[in-house]
Novice: 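Here it is: the structure, laid out below.
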2 protein chains.
Amino acid sequence: MTKADSPSHEDLMKLDNFLCFAIYSTNHAFTRVYKPLLDELDLTYPQYLVMVVLWEKDDQTVGSLGERLFLESSTLTPMLKRLEGMGYISRIRDRTDERQVRVTLTESGRALREKANNVPYDIAGATGMKPAELVRLKQEIASLRTSLLR
Amino acid sequence: MTKADSPSHEDLMKLDNFLCFAIYSTNHAFTRVYKPLLDELDLTYPQYLVMVVLWEKDDQTVGSLGERLFLESSTLTPMLKRLEGMGYISRIRDRTDERQVRVTLTESGRALREKANNVPYDIAGATGMKPAELVRLKQEIASLRTSLLR
DNA sequence: AGGATTTACATCGCGCACGATTTAATCGGG
DNA sequence: CCCGATTAAATCGTGCGCGATGTAAATCCT
């Protein structure tokens, strides 16, 4: 394929030219880099993301967590039960609207934040990218996500 | 955060500033976009990636598929058994090295390629990006993956 | 007011995905 | 030639992740 041409069909059918596969495999790579760091906190990677959302804003419903993380209640409910079992959060039905479950940090959950302080720096280091590059790439990918969900 | 500063710690702890989350959530978004297209082929998204690898080069071992896709045998073995059950591939122990399993396309597996012809175009369309942009972004993300796995 | 509809979460079944372990085959050194 | 080490898959247990479905509460509508 030359610079001026559109990719040929043969090119498009090669795995290495799939943007989705780049994303897919890089996502797995991130999970592997996070693993040893999160093992210290007894968290999985998705559980860590939930904690990040709660550290940012405590006392949210299952629905609002799902909206933030793009996850369904069928994914979150079991995850939240595990986090509750570990003592990091509590799940309580909302008094005024019993359909909703309010998720709040426990003391232990708030304390965990300090232990997790270094994680973003370690990860940023593993990317080998400069902060400004990271921000730009992140933004590009986020806007791709928006296109896909449109 | 101003243009000249490094991100503050508070910034770094916000979910929206996580490159990993952009990747994670965009990966899920891709899965959703692929779903209706792949339903026609009776394939899941990871199964489709396996088929793409085999369409590119038939007759591979479980190990080489895993190297290509960054997956372990514990993931591939059950997946390959499903694809075999659907009649798209066959799994046969290598005569000369009985430790290896050779994965080859069946006639039905090769035929499926034609039915899948339009998929890359539909996906490219859903990204809303120009071919050249797609290639550049894909390359950037692939090199990020390389850094992470180093 | 009260039945129909909508909303929020939970449950279930299925398919990844991995680490740890197991099994079987091959390789290598003495 | 044989026994220990290595290699390739498979197996097992755990945790996402989703769509379809269920359940109960809130809301809507006349």
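Throughout, a chain's letter reflects where its sequence line sits, starting with A, and its residues are numbered from 1. When reading the values below, keep in mind they use all heavy atoms of this one structure, side chains included, and skip hydrogens, waters and symmetry mates.
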Novice: Closer to the 5' end of DNA chain C via nearest nucleotide, is it Gln100(A) or Lys35(A)?
Specialist: Gln100(A)

Novice: Show, in sequence, the C-alpha distance, side-chain angles and deciding distance for Glu140(A) and Arg136(B), and conclude whether the salt bridge (charged side-chain N to carboxylate O under 4.0 Å, His left out) test is met.
Specialist: CA-CA 11 Å; Glu140(A) 267 192 87; Arg136(B) 185 191 47 73; 2.8 Å; yes

Novice: Hey, does the side-chain of Ser73(A) have a donor or acceptor N/O within less than 3.5 Å of a partner on the base of dA8(C)?
Specialist: no

Novice: Looking at dC16(D), dG17(D), dC18(C), which one has an atom nearest to any side-chain atom of His28(A)?
Specialist: dC18(C)

Novice: To the side chain of Glu72(B), which of dA10(C), dC18(C), dA10(D) is closest?
Specialist: dC18(C)

Novice: Of Arg91(B) and Asp94(A), whose nearest nucleotide on DNA chain D comes first from the 5' end?
Specialist: Arg91(B)

Novice: At under 4.0 Å between heavy atoms, what does Arg102(A) touch on the DNA or RNA strands: base, sugar-phosphate, or nothing?
Specialist: nothing

Novice: Side chain of Ser74(A) only, heavy atoms from C-beta on: which candidate in dG15(C), dG19(D), dA10(D) is closest?
Specialist: dG19(D)

Novice: Between atom CG in Leu83(A) and atom P in dG15(D), what is the gap in whole Å?
Specialist: 11 Å

Novice: Distance check needed: dT6(D) C1' versus Asp97(B) CG, whole Å only.
Specialist: 12 Å

Novice: May I ask you to verify if any side-chain N or O of Arg93(B) is less than 4.0 angstrom from the OP1 or OP2 atom of dA9(D)?
Specialist: no

Novice: Under 4.0 Å between a side-chain N or O of Tyr24(B) and OP1 or OP2 of dG17(D)?
Specialist: yes

Novice: Counting the atoms with a prime plus P, OP1 and OP2 as sugar-phosphate, which does Leu71(B) contact under 4.0 Å by heavy atoms, base, sugar-phosphate, or nothing?
Specialist: sugar-phosphate

Novice: Mind checking if Thr31(A) touches a base, just sugar-phosphate, or nothing, with heavy atoms under 4.0 Å?
Specialist: nothing

Novice: Give the rounded distance in Å between these two atoms: OH of Tyr34(A) and P of dA17(C).
Specialist: 19 Å

Novice: May I ask you to decide if the ring planes of Phe18(A) and Tyr48(B) are parallel, tilted or perpendicular, using 30° and 60° as cut-offs?
Specialist: tilted

Novice: Tell me whether the side-chain N/O atoms of Arg82(B) come closer than 4.0 Å to OP1 or OP2 in dC16(C).
Specialist: yes

Novice: For Thr96(A), which contact category applies under a 4.0 Å heavy-atom criterion: base, sugar-phosphate, or nothing?
Specialist: sugar-phosphate

Novice: Please state how far atom CG in Leu80(A) lies from atom C1' in dT11(C), giving the value in whole angstrom units.
Specialist: 15 Å

Novice: If you check every side-chain atom of Pro46(A), which of dT11(C), dC16(C), dC16(D) has the closest atom?
Specialist: dC16(D)

Novice: Whole angstroms only, please: what is the CG-P distance between Leu76(B) and dA10(D)?
Specialist: 9 Å

Novice: Quick one: which of dA17(C), dT11(D), dA9(D) gets closest to the side chain of Lys81(B)?
Specialist: dT11(D)

Novice: Show me the donor-acceptor pairs within less than 3.5 Å that the side chains of residues 69-84 of chain A make with the rest of the protein, sequence neighbours left out.
Specialist:
residue: Thr77(A); atom: OG1; partner: Ser73(A); partner atom: O; Å: 3.0
residue: Glu84(A); atom: OE1; partner: Arg91(A); partner atom: NH1; Å: 3.1
residue: Glu84(A); atom: OE2; partner: Arg91(A); partner atom: N; Å: 3.3

Novice: Figure out the CD/C1' separation between Gln60(A) and dC9(C), and round it to whole Å.
Specialist: 16 Å

Novice: How about Glu98(A): does its CD atom have over 12 heavy atoms from other parts shown lying under 6.0 Å from it?
Specialist: yes

Novice: Can you name the one residue among Thr106(A), Leu112(A), Leu105(A) that meets side-chain contact (heavy atoms from CB on, under 4.5 Å) with Ser108(A)?
Specialist: Thr106(A)

Novice: Can you tell which of dG19(C), dA25(D), dA10(D) lies closest to the side chain of Val62(B)?
Specialist: dA10(D)

Novice: The side chain of Gln47(B) lies closest to which of these nucleotides: dC16(D), dG15(C), dG19(D)?
Specialist: dG15(C)

Novice: If you only use heavy atoms from C-beta on, which nucleotide in dA10(D), dT7(D), dA24(D) is closest to the side chain of Arg99(B)?
Specialist: dT7(D)

Novice: Nearest to the side chain of Thr77(B), which nucleotide is it out of dC16(D), dC12(C), dA10(D)?
Specialist: dA10(D)

Novice: Nearest heavy-atom pair of Thr61(A) and Arg102(A): which atoms, and what distance?
Specialist: CG2-NH1, 3.7 Å

Novice: Tell me the interatomic distance from Asp39(B), atom CG, to dA20(D), atom P, rounded to whole angstroms.
Specialist: 9 Å

Novice: Rounded to the nearest Å, what distance is computed from the CE atom of residue Met79(A) to the P atom of nucleotide dC16(D)?
Specialist: 5 Å

Novice: Just compare dC9(C), dC16(C), dA24(C) and give me whichever is closest to any side-chain atom of Thr75(B).
Specialist: dC16(C)

Novice: Examine the side chains of Thr104(A) and Ser90(A) and answer whether a donor and an acceptor come within less than 3.5 Å of each other.
Specialist: yes

